[in-house]
Amino acid sequence: MTVVTRFAPSPTGFLHIGGARTALFNWLFARNSGGRYLLRIEDTDRARSTAEAVSAIMDGLDWLGLGGDEPPVFQHTRLARHAEVAQELLARGRAYRCWCTPEELAGMRAEARAQGRTALYDGRWRDRDPSEAPDGVDPVIRLRTTTDGETVINDRVQGRVAVRNDAIDDFVLLRADGTPTYMHSVVVDDHDMAITHVVRGDDHLNNAFRQLQLFRAMEWPEPEFAHVPLIHGSDGGRMSKRHGATAVNDYREQGFLPEALCNYLLRLGWSHGDDEIISREQAVSWFSLAGIGRSPSRFDQKRLEAINARYLRAGDAGRLSGMVFEHLRRRPDLDLSEKALERVRRGIPGVAARARTVTELADGLAFYAARLPLTMSGRAARALDADGCGRLRGLLATLEAVDDWSEPALETAVRAHAADHGLGLGAVAQPLRAALTGSHASPGLFEVLAILGPEEAGDRIRSACGTG
RNA sequence: GACCCCUUCGUCUAGCGGUCCAGGACAACGGCCUCUCACGCCGUAAACACGGGUUCGAGUCCCGUAGGGGUCACCA
C-alpha cells in the first residue's frame, strides 16, 4: 500500500511555525516510505478564508521546500460531494435532521456545564418525527453515532487511546445552509484523496474519535493517525505573538535559512539518538513516526539561532551573497558599486563565523560597502585619538611599501612595523581596525586589509585621521 | 467543570528493567587560542515532579497525587 499523507491548513492567516512542523513531518514520512504528500486548503468557512492567506501559506511551504506533490485541493470546490455523502448517510438512516435553534443548543450546553458534564448535544432529534419540525427553522444534518461501547485509536504517536462512545455526541455534518462542517469535510476528503496516514497536531486527537465514527458509518477504510504534540511558547503556555514570531515568514525576514528552520523544527519533538545537525537527505532516510515524542516542547529561539549559525558557516557563499545583497540594497547609505559588492562577497566567510542570521551577516558586512567618511562607533572613535592616529600615519608608509597585497604579506609587514617601533601589535591593530571598519570588532585585521585593497585601505586611514 | 494527552538538566532531548553515582546539544559559567569580536577546542555547574506499588532490581511497568497542555461550535 502506498503511503499518502497530507497537510491541510485553513487559510485564515500565515503559515504557523507549528503548521510548518506538521507539514515537515508529513513530507518526511511520505518521502521515507516512498509515498505521496498532498496539500489541502480547508476553506469551507468562506467568510474567514482569504486568497492572501492561501498564497502566504503556499509561499511559506515552498520556501521550506515542503510544497505538495500535486496542486492543492481546495475544499470549497468539493461542496457538492460533501453534501452527497451527507445525503447518503441520511438515506441509510445513519444521519438525521435536527431542527434545534442556536438558543436551544446554548441552553443545552449551559445546563451540561452546570451539572459538571461535557457539553454535548443530547440527541433530541435523533428519533423525533420530522413532522414535528418547527416552522421557519432550517435543519442541520447530524451523524447518528454509536452510543454504547468505546472507540479506540491506536495512535502512532500517542499509543492506544480510548474514549467512551457516550462522550461522543451526534455532531453536525451539514449546516443549515447546506455547507459541510470541518468534521465532515475532512473525513470525506481524506477518504477521497486516499489518505493513509493522518499526521497532525494533537489538538485534533479528540476530533479523531468523531471522525472515526463517520468513517465507520460510511464503511470506509480507516486511516492511521499520528497526533503530534503541540509547540508551546518559552513559558510553556500556548504559543502566541507574545513569545515572538509565530509566522514562518517572520523567521524568513529575520534572516533564518529554510534548511536551518527545518532542522530545528525536526529536532523539536523528534529525535534520532544524539544527532543534531541533520540534512534533508538524512532526515528522509531516518524519519519515522516512532521517533516522535509524546510530550509538548517549547520553542527556543536561542537554539534556532545556534543551528542557523551552523548552516550559515557551512553555507555556499554564492547563495549567501544573493541574500546579503538583498539586505544591503535597502541601505541608501551604502556604496553598492560592483567594486564594493565584490569586497562584500569576499568578506562573507569571515563574517559568517561571527553571525547567527543572514541579517547579522549583512550588517557585519556593511562596512565593506560603506562610504567615506566612516561612521565611527564610540570605542572606534576613542581608538582614533591623537596617539592612535599618530601610529596610523607611521603605518601608512609601511603599507604603501607592501607590493604583495596578500593576507600573509600584510601580516608580516604590520607585525614588523609594530616591532620596529617598540609597539605591541594591539596598539597598532586597534586604531587600524577602527579606521578600516568604524568598529572595535571585526573579522581578522589582515583579511580586512587584503579585501579592502591598498587604495581603499589608504583612503580609509587618511579619512579617519584627517590627513587626506 | 467533564473528557483526553503529557511530566529526564533553564531549553530540546538520549534512555525502550540491570551496562545510568543518567549521555548529547543549546543557553550559562570558567579557561585555552588570539590583532578585536567571533569561530574552534577544553572544562564546570545543571535533571529522572511527588507518593505508593510490581520486581532480586525502576528514569524505564502499574496506580494515585500534583503540575502543564488540549478538546468540549451550524470555526478549522
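Quantities reported herein were computed from a predicted structural model and do not represent experimental measurements. Chain naming here is simple, since letters A, B, ... match the order of the sequence lines and numbering starts at 1 in each.
Of all nucleotides listed (B:A76, B:C37, B:C39), B:A76 comes nearest to the side chain of A:Asn207. Taking every side-chain heavy atom of A:Lys302 into account, B:C26 is the closest of B:U36, B:C26, B:C39. Checking B:G24, B:U7, B:U13 against every side-chain atom of A:Ser297, the shortest atom distance belongs to B:U13. With B:C74, B:A27, B:C3 as the candidates, the nucleotide lying closest to the side chain of A:Thr118 is B:C3. If you check B:C26, B:C74, B:C72 against the side chain of A:Ala176, the one that comes closest is B:C74.
Using a 4.0 Å cut-off, some side-chain N or O of A:Arg313 falls inside it from OP1 or OP2 of B:G40. For A:Arg415, a side-chain nitrogen or oxygen approaches OP1 or OP2 of B:C35 to under 4.0 Å. Distances shorter than 4.0 Å separate some side-chain N or O of A:Arg142 from OP1 or OP2 on B:C74. Side-chain N/O atoms of A:Ser442 include none lying less than 4.0 angstrom from OP1 or OP2 on B:U36. Contact annotation: A:Arg113 does not reach the phosphate of B:C3 (side-chain N/O to OP1 or OP2, under 4.0 Å). The shortest distance between the side-chain N/O atoms of A:Ser271 and the OP1/OP2 oxygens of B:C12 is not below 4.0 Å. Between A:Thr179 and B:C74 there is no side-chain N or O to OP1 or OP2 distance below 4.0 Å.
At a threshold of 4.0 Å, the pair A:Asp235-A:Arg298 does not count as salt-bridged, since none of the basic side-chain nitrogens sits closer than that to a carboxylate oxygen. Ion pairing between A:Glu132 and A:Arg124 fails under the 4.0 Å rule for side-chain N and carboxylate O. Remark: A:Arg310 does not engage A:Glu276 in a salt bridge, criterion side-chain N to carboxylate O under 4.0 Å.
Rounded to whole Å, the P atom of B:C48 lies 24 Å from the corresponding atom of B:G43. Atom name P, nucleotides B:U11 and B:C21: the rounded distance is 24 Å, in whole Å. B:G40 and B:A46 have their C1' atoms separated by 24 Å, given to the nearest Å. Taking atom C1' on both B:A45 and B:C50, the two are 25 Å apart, rounded to the nearest angstrom. Taking atom P on both B:C74 and B:G53, the two are 48 Å apart, rounded to the nearest angstrom. Atom name C1', nucleotides B:U60 and B:U19: the rounded distance is 14 Å, in whole Å. Across the C1' atoms, B:C56 and B:G64 are found 26 Å apart, a figure rounded to whole Å. Nucleotides B:G23 and B:U8 have their C1' atoms positioned 11 Å apart, rounded to a whole Å.
When Watson-Crick and G-U wobble pairs are counted only if both distances are under 3.5 Å, B:G30 pairs with B:C42. If you check B:G1 for Watson-Crick or wobble pairing at under 3.5 angstrom, you find it paired to B:C72. B:C56 is paired with B:G18 under the criterion used here, namely a Watson-Crick or G-U wobble arrangement in which both key atom distances are under 3.5 Å. The partner of B:U65 is B:A49, judged by Watson-Crick or G-U wobble contacts that both fall below 3.5 Å.
Side-chain atoms of A:Arg267 and base atoms of B:A25 include no donor and acceptor less than 3.5 Å apart.
Using a 4.0 Å heavy-atom criterion, one finds that A:Leu230 contacts the sugar-phosphate atoms exclusively. A:Asp275 comes within contact range of no nucleotide atom at all, as no heavy-atom separation falls under 4.0 Å.
When all heavy atoms of A:Gly13 and A:Ala53 are compared, the closest pair comes out as O-CB, 3.4 Å.
The 12-atom threshold is exceeded at CZ of A:Phe171, counting heavy atoms of other residues, nucleotides or ligands nearer than 6.0 Å.
Between A:Leu266 and A:Phe287, some side-chain heavy-atom pair lies under the 4.5 Å cut-off.
At least one donor-acceptor pair closer than 3.5 Å links the side chain of A:Tyr251 to the backbone N or O of A:Ala245.
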